[in-house]
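Here's the structure, in structure tokens; my notes come after.
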Amino acid sequence: HSVGIIGAPFSKGQPRGGVEKGPNVIRSAGLADKLKAQGCSVKDYGNLCFEEVPGDEPVGRVKRPGAVGSANQRLAHAVYTAKTEGHTPLMLGGDHSLAIGSIHGHAAAIPGDLSVVWVDAHADINTPLTTPTGNVHGQSMSYLIRELQSKIPVIPQFSWIKPCVSAKDIVYIGLRDVDPEEHYILKYLGIKVFSMTEVDGLGIARVMEETCDYLFSHVKKPIHLSYDIDAIDPSLTPATGTPAVGGLTYREGVYITEHICQTGLLSAVDLVEVNPQQGTTEAQVQSTVDIAVDVLLGCFGRRRAG
Ligand SMILES: N[C@](CCCC[B-](O)(O)O)(CCN1CCC(O)CC1)C(=O)O
Ligand SMILES: [Mn+2]
Ligand SMILES: [Mn+2]
């Protein structure tokens, strides 16, 4: 595995400060050294510098459209570059609005379509018209899905975004805090969802087997894994902005990435929503960061069997 680390210290997709510190706290837990120790080559592209956007008034309900639009345009280019230089892009967030740029840049760098595995307590599929908060980190997927574009009003700062994912190529794992409008959208688009109910009912091994059968039932496509740390139970990863009880265990969280790694189709990874300022103790921050690192090591070949 050749990994291209891209730090995206960005927080304007949501209101809580601190998530912009995610890239550096994950790095300081030894991510690069641990990847090298398991046989990966690593190129760290450093942290992107995101410009301040003065004014930046909401467009309708959508908050900070200027900051979110320009950060993601810059990120898209960085992910495109890392991918075309032969690395598997590993984007460290920052909030989940960054999936817009990460998926966009990834899609632009590969021929044909990609599939998306979205591991999260939340669906992040509100449109600008359904969002209850206006925070773009809860809307990211709505700007990317081809079949949803007739429902997306014009946001000038997002005009560069070309929808690049088909609803049939998406699988959600870990959902347990889905807004009513998001639930309607998921049903309307027929998107495959393994909520925590399915994780409990089927067990994670069966969930991953069915995820792969579903995604590969037609053409095998490269996988974009967008992993929100709040998919894991907040008792284990409390340092995050929108915790929701009843999440994945450490073992389930790592099983997901071990399984995806062994498909050989993992093509880009996001690890987002680690917010060191949301932990009440240093131990809480450390637990969150250490689990984030182990999840990522699973993506790139670490096996618990040694
Ligand atoms: N669906 C939420 C949360 C998005 C979380 C983004 B993340 O990247 O962390 O997945 C709203 C959540 N909901 C709002 C009303 C409250 O009573 C309950 C939480 C939204 O703001 O759209
Ligand atoms: Mn998310
Ligand atoms: Mn989430």
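Atoms within a ligand are numbered from 1 in the order they appear, just like the ligands themselves. Bear in mind the structure is a predicted one, so any value in this text is a computation, not a measurement. Residues take their numbers from the sequence shown, with the count starting at 1.
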Which residue and non-hydrogen atom of the protein lie closest to atom 18 (C) of ligand 1, and at what distance in Å?
D177 OD1, 4.4 Å

Determine whether any protein heavy atom is located less than 4.0 Å from atom 15 (C) of ligand 1.
no

Counting from 1 in the order shown, the ligand 1 atoms closer than 4.0 Å to a non-hydrogen atom of D228 are 7 (B), 8 (O), 9 (O), 10 (O)

If you take the nearest heavy atom of each of Q14, E181, H122, which one is closest to atom 3 (C) of ligand 1?
H122

Tell me whether I155 shares a hydrophobic cluster with F50, the cluster being built from Ile, Leu, Val, Met, Phe, Trp, Tyr side chains joined at under 4.5 Å.
yes

Applying a heavy-atom cut-off of 4.0 Å, say which part of D230 lies close to ligand 1: side chain, backbone, both or neither.
side chain

Could you check which N/O/S atom of D120 is closest to the Mn ion (ligand 3)?
OD1

Nearest 0.5 Å please: distance from the CZ atom of F216 over to the CD1 atom of I223.
4.0 Å

Considering S226, A231, A99, G138 one by one, which has a heavy atom nearer to atom 4 (C) of ligand 1 than any of the others?
G138

Please write down residue, atom name and distance for the protein heavy atom closest to atom 10 (O) of ligand 1.
D124 OD1, 2.7 Å

Minimum-distance protein heavy atom relative to atom 11 (C) of ligand 1:
D179 OD2, 3.6 Å

For D56, is there an ion pair with K12 - N to carboxylate O distance below 4.0 angstrom?
no

Any idea which N/O/S atom from H96 gets closest to the Mn ion (ligand 2)?
ND1

N/O/S from D124 sitting under 2.8 Å away from the Mn ion (ligand 2)
yes

the protein heavy atom lying closest to atom 21 (O) of ligand 1 turns out to be T133 OG1, 2.7 Å

Protein residue, atom and distance nearest to atom 9 (O) of ligand 1, heavy-atom basis:
T242 OG1, 2.8 Å

Between N135 and P15, which heavy-atom pair has the shortest distance, and what is it?
ND2-CD, 3.5 Å

Hey, which atoms in ligand 1 end up nearer than 4.0 Å to a heavy atom of D120?
10 (O)

If you round to the nearest 0.5 Å, how far is OG1 of T249 from OH of Y255?
12.0 Å

Strictly under 2.8 Å, is any N, O or S atom of H137 next to the Mn ion (ligand 2)?
no

Of all the atoms in ligand 1, which lie at a distance below 4.0 Å from a heavy atom belonging to H96?
8 (O)

Any salt bridge between R146 and D113, counting N to O under 4.0 Å?
yes

For T88 and H1, which I'm curious about, is there any donor-acceptor pair between the side chains at under 3.5 Å?
no

Angle subtended at the Mn ion (ligand 3) by H122 ND1 and D230 OD1, rounded to 10 degrees
100°

Cluster overlap V272 with I173, hydrophobic side-chain contacts below 4.5 Å:
no

Heavy-atom contacts under 4.0 Å between E273 and ligand 1: side chain, backbone, both, or neither?
side chain

Top protein contact for atom 22 (O) of ligand 1, by heavy-atom distance:
N126 ND2, 3.0 Å

Going by atom types only, do S195 and E198 share a side-chain donor-acceptor pair under 3.5 Å?
yes

Quick check: W160 with H77 (ring centres under 6.0 Å apart)?
no

Would a distance-only check, ignoring hydrogens and angles, find a side-chain to backbone donor-acceptor pair under 3.5 Å from R16 to Q278?
no

Please give the atom name: the N, O or S atom of D228 nearest to the Mn ion (ligand 3).
OD2

Shortest non-hydrogen contact from G7 to P23?
CA-CB, 4.0 Å

